[in-house]
Protein chains: 2
Amino acid sequence: MSKTCNSYSKGQHIFREGDRVFGLFFIKEGRVKIVSSGFNNREQIARLATNGHIIGHRGYGNELYPVSAIALDETYVCFVDNSTIYDAFMNNAKFTYELMLFYSTELRKAELRLRYLAQMTMREKIAGALLYLLDIFGEDEQDGSLNVSLSRQELADLAGTTAEQVSRELTSFEKESIIAKHSRKLILLNHEELNKILSSHNMRIAASSWAAI
Amino acid sequence: MSKTCNSYSKGQHIFREGDRVFGLFFIKEGRVKIVSSGFNNREQIARLATNGHIIGHRGYGNELYPVSAIALDETYVCFVDNSTIYDAFMNNAKFTYELMLFYSTELRKAELRLRYLAQMTMREKIAGALLYLLDIFGEDEQDGSLNVSLSRQELADLAGTTAEQVSRELTSFEKESIIAKHSRKLILLNHEELNKILSSHNMRIAASSWAAI
DNA sequence: ACGTATTCCTGCGTTATTACAGGAATTATG
DNA sequence: CATAATTCCTGTAATAACGCAGGAATACGT
C-alpha cells in the first residue's frame, strides 16, 4: 500500500504540466485549480476542485500531465500510486465503477463548458463563472459570500476573458444589484438573475445547467 | 442481455439533448458528432467519434442527455442498457477499468480543448480543428484527403467560430499551400505548418497536443 | 443535361473584445 | 501607523471577430 499525504500552501504546485504521471491525488481538505498554461501570462482554469475530489488521473507508460494543479489555499492531499490503484480496481469492482462514473460526469461537464466558452459573450461567461464557483465552493453561512478568494486574473482565467473585462463586468453587476463586492469577497445577491443572463440567449438549455456543472 | 443494434442515416439523431439516459452506445461503423445546441442555429461540436468509440454514458436515475449525437454518415450503432452494463461492470473488473481509462482520457482531451477554445485566435482554432479531424478520421490513402465530409458550418461548430471565418481562413491556408480544397474534400498538405500555427503563441505546450486530442 | 436549390466565397460596415495606461484602492511590510 | 507594493478600476484607442449581402460555385432532382 503506497499512500502518502502532504500539505501544500497557497500557490504551490501539486503537479506540473509535463510531469510524469505516477498516480492519483485525492483532496482531503482545501481548494485546487487545474490549469493549462497559455501564452502572455494567460492561463486557462480547466476546473476547480475541493474536499473529496480527485485530481490527476492514472497514467499509462510514460504519460505526462497536460495540465498543472495548484493549491488556492492551504491544502491537504493524499497520493496513491498507479499500481496500488490498479490493485484496488481489480479487487473492488464497485470502486472502479464509482470512479468511472466520476470521470464520465466530469466529461459531460467539460463538454458543456466547451460550448459556453466557445459561444458566450463576456457577460455570460462571467455570470457562468460566478455560478460555477457557487456550485463548487458554496457560500458562507454568515454573510453569503463565495467560499473562495480569487484574483480578477484568476476569475478571467476561469471565464476565458481578461482581468480588465472581469473588473468592468463585476462593477456592472454590482450597479445592477446582482452581486456585492468587497475586494475579493463576492456575494451573489441574485442567483436568479445570473441564471437568466446565462440562459437569455439560449432557451433550449435549462437555466440551471451551469449550476449542474 | 439487452443489446440492440441499429443503422442511422446521415443527419439522424442517435440520441437527443434532453432525452432520458438508458444506457451506452457503441459505434460499430460510421461517424458521429456530439453537439450541444446553441442559439441562432449555432451548435457546438463537443467531440467527434467513429468506429469503436463509445458515445453517451451510463445514467443515474432520471438523468437527461446534455448533448445530442447525430450521424454524419450511414452509421451502425449498438445500444446496451444500464442494467446490462452494470452487470458487466460488476463481473468484469478489467472491462470497467478500461472504460474508466477511456473516460479519463476523454476528460483530459476536453480540458485541453477548453483552453484552445477560450484563448486561441480564429486562425489557430481552425488549424486545430483540421488537425483534430486528421487525428480522429485520418486521411485517404489514395489522395490524402481527410476521411470526413463536413460543411463549412460544421467546421465552424467544431472550431468555435462562424462559417464565414472558416471560408476565409481555408482560402488563406490554400494560398499559403498549407491545404488544398475541392469543395468539402480537404487535403492537409503541410501538417508541420498547421502544428506551427497552433504552437506559435505557446511554446510550453508540445506542438502535437492537438493531434493527441 | 438542364434548371433549381443549396452551399460557399468574399467585400464591407458594425460590434465586441482586447490592450494600454494612469490613477485609486487594497494589502503587505517594516 | 506609515510607506511600498500589488491589485484593481476605468477611459480610450486599436484590433479582431461577426454578420449581412450579393455573386459564384457546387450539388440535387427530374
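First the proteins, then the strands, lettered A, B, ... as listed; each starts at 1. Atom set for the values below is all heavy atoms of this structure, side chains included, hydrogens, waters and symmetry mates excluded.
- DNA chain C is contacted by both E164(A) and R184(A); E164(A) maps to the nucleotide lying nearer its 5′ end (nearest heavy atom per residue).
- Taking the six-membered ring where the residue is Trp, F15(B) and Y65(B) present parallel rings, their angle staying beneath 30° rather than reaching 60°.
- In this structure, K33(A) does not pair ionically with D157(A), as no charged nitrogen and carboxylate oxygen lie closer than 4.0 Å.
- The side-chain heavy atoms of V32(B) and I34(B), taken from C-beta on, include a pair separated by under 4.5 Å.
- Rounding to the nearest 0.5 Å gives a distance of 10.5 Å between CD1 of I55(A) and OG1 of T50(A).
- Between E154(A) and R31(A) there is no salt bridge, since none of the side-chain N atoms of the basic residue sits less than 4.0 Å from a carboxylate O of the acidic one.
- Across all their heavy atoms, V166(A) and R152(A) have their closest contact at CG1-CD, 3.9 Å.
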Is there any protein nitrogen or oxygen under 3.5 Å from a nitrogen or oxygen in nucleotides 16-18 of chain D, and what are the pairs?
from, atom 1, to, atom 2, distance (Å)
dA17(D), OP1, M122(B), N, 3.1
dC18(D), OP2, T161(B), OG1, 2.8
dC18(D), OP2, Q165(B), NE2, 3.3

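- Atom CD of E169(A) is separated from atom P of dG11(D) by 14 Å (rounded to the nearest Å).
- One finds a side-chain N or O of K181(A) lying less than 4.0 angstrom from the OP1 or OP2 phosphate oxygen of dC9(D).
- In this structure, L170(A) atom CG and dT26(C) atom C1' are separated by 16 Å, rounded to whole Å.
- Looking at S145(B), its side chain never comes within 3.5 Å of a backbone N or O of L186(B) through a donor-acceptor pair.
- Regarding Q153(A), its CD atom lies at a distance of 18 Å from the P atom of dT27(C), rounded to whole Å.
- OP1 and OP2 of dC8(D) both lie 4.0 Å or more from every side-chain N or O belonging to S183(A).
- Nearest heavy-atom pair across L48(A) and I136(A) is O-CD1, 3.9 Å.
- Taken over five-pair windows at either terminus, the axes of the helix from dA1(C)-dT30(D) to dG30(C)-dC1(D) are inclined to one another by 60° (rounded to 10 degrees).
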